[in-house]
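Worksheet for the structure shown next.
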Amino acid sequence: MEEALVQSAMAEIAMWNTFNTGRAANATGFLAIVLAVWVAARFSSVSLEKNVNLLGKVFVTAFAVGVFLSGLVVYGNIGGSYEAQASALAALDMANGDIDLGPASQAFLSQMADGGNPIGRVGGMLMLVAALGIAVIPLWVKTND
């Protein structure tokens, strides 16, 4: 029994190690989206200053929509890594039989069973929608100064 406990603990540690390595990649993707959002807003601002023609507005809008869609992909990848970790831990728990997972793994599984982190999901969507609006609305809606 003790050998099985050690093997389970080592497998659990390896899963968390892999998950944490993937979180570094997730952070890089998130930073890339933040930079792309800034570039889209900057393109929009410069286009307004230069009084760009209709074709220019279409291209800047297309770029901003592309950034929005890329952000959805990155956020999907981040969510997928959390769901994969939960699935792997649940599979280990099933395979373990009488051996329980560690407290952190149990808490993680409980949180994921309850829908994960809704604040992160809502915050990510708000950021992407607001960024799209910041980049696109000034191009197409005239304001009275």
key: Hphob cluster co-occupancy, Val34 + Ile134, side-chain heavy atoms under 4.5 angstrom   = no
ask   = Do Met127 and Ile137 share a hydrophobic cluster, counting only Ile, Leu, Val, Met, Phe, Trp and Tyr and linking them when any side-chain heavy atoms are less than 4.5 Å apart?
value = no
query = When rounded to the nearest 0.5 angstrom, what is the spacing between OH in Tyr75 and CG in Asn26?
reply = 11.5 Å
task = Specify the closest pair of heavy atoms between Leu139 and Ser47, including all atoms of both residues, with the distance to one decimal.
result = CD2-CB, 3.9 Å
query = Under 3.5 Å, side chain of Thr18 to main-chain N/O of Ala14, donor-acceptor pair present?
reply = yes
request  = Report yes or no: does Ser70 contribute a side-chain atom to a donor-acceptor pair with the main-chain N or O of Gly66 at less than 3.5 Å?
outcome  = yes
task = Check whether any side-chain heavy atom of Val60 sits under 4.5 Å from a side-chain heavy atom of Phe63, and report yes or no.
result = no
message = Can you confirm whether Ser45 sits close enough to Glu49 that some side-chain heavy atom of one is under 4.5 Å from a side-chain heavy atom of the other?
response = yes
ask   = Under 4.5 Å between side-chain heavy atoms, hopping through other hydrophobics if needed: is there a path connecting Phe43 to Val46?
value = no
Residue pair Tyr82, Phe19: steps toward the ring pair (Phe, Tyr, Trp, His ring centres under 6.0 Å) verdict = CA-CA 8 Å; Tyr82 277 74; Phe19 177 70; 5.1 Å; yes
ask   = Which pair of heavy atoms, one from Ala86 and one from Leu109, lies closest together, and at what distance?
value = O-CD2, 3.2 Å
note = Scanning both residues in full, the closest heavy-atom pair of Asp93 with Ile99 reads OD1-O, 4.0 Å
request  = Tell me, yes or no, whether the heavy-atom count around Ile119 atom CD1, taken from other residues, nucleotides or ligands under 6.0 Å, exceeds 12.
outcome  = no
query = If you round to the nearest 0.5 Å, how far is CG of Leu72 from CG of Asn77?
reply = 11.0 Å
ask   = To the nearest 0.5 Å, what is the distance between CD (Gln7) and CG (Asn96)?
value = 10.0 Å
message = Rounded to the nearest 0.5 Å, what separates atom CD1 in Ile78 from atom CZ in Arg121?
response = 11.0 Å
ask   = Are Val39 and Val67 connected in the hydrophobic side-chain network, where two residues link if heavy atoms are under 4.5 Å apart?
value = yes
message = To the nearest 0.5 Å, what is the distance between CG on Leu48 and NZ on Lys57?
response = 7.5 Å
inquiry  = Can you give me the closest heavy-atom contact between Met15 and Leu92, atom names plus distance?
reply    = CE-CB, 3.8 Å
Over all atoms of both residues, closest heavy-atom pair of Ala40 and Ala135 = O-CB, 3.9 Å
query = Between Phe108 and Trp16, what is the ring plane arrangement, given parallel below 30°, perpendicular above 60°, and tilted in between?
reply = perpendicular
note = For Ile33 and Leu128, the nearest pair of non-hydrogen atoms, with its separation, is CG2-CD2, 4.0 Å
key: Phe59 vs Val52, side chain to side chain contact (heavy atoms under 4.5 Å, CB included): CA-CA, chis, key distance, verdict   = CA-CA 10 Å; Phe59 280 128; Val52 73; over 6 Å; no
inquiry  = Tell me whether Val65 shares a hydrophobic cluster with Val73, the cluster being built from Ile, Leu, Val, Met, Phe, Trp, Tyr side chains joined at under 4.5 Å.
reply    = no
task = Any chance you could measure Glu12, atom CD, to Leu89, atom CG, to the nearest 0.5 Å?
result = 6.0 Å
query = Distance-only, no hydrogens or angles: does the Ser110 side chain make a donor-acceptor pair with backbone N or O of Gln106 under 3.5 Å?
reply = no
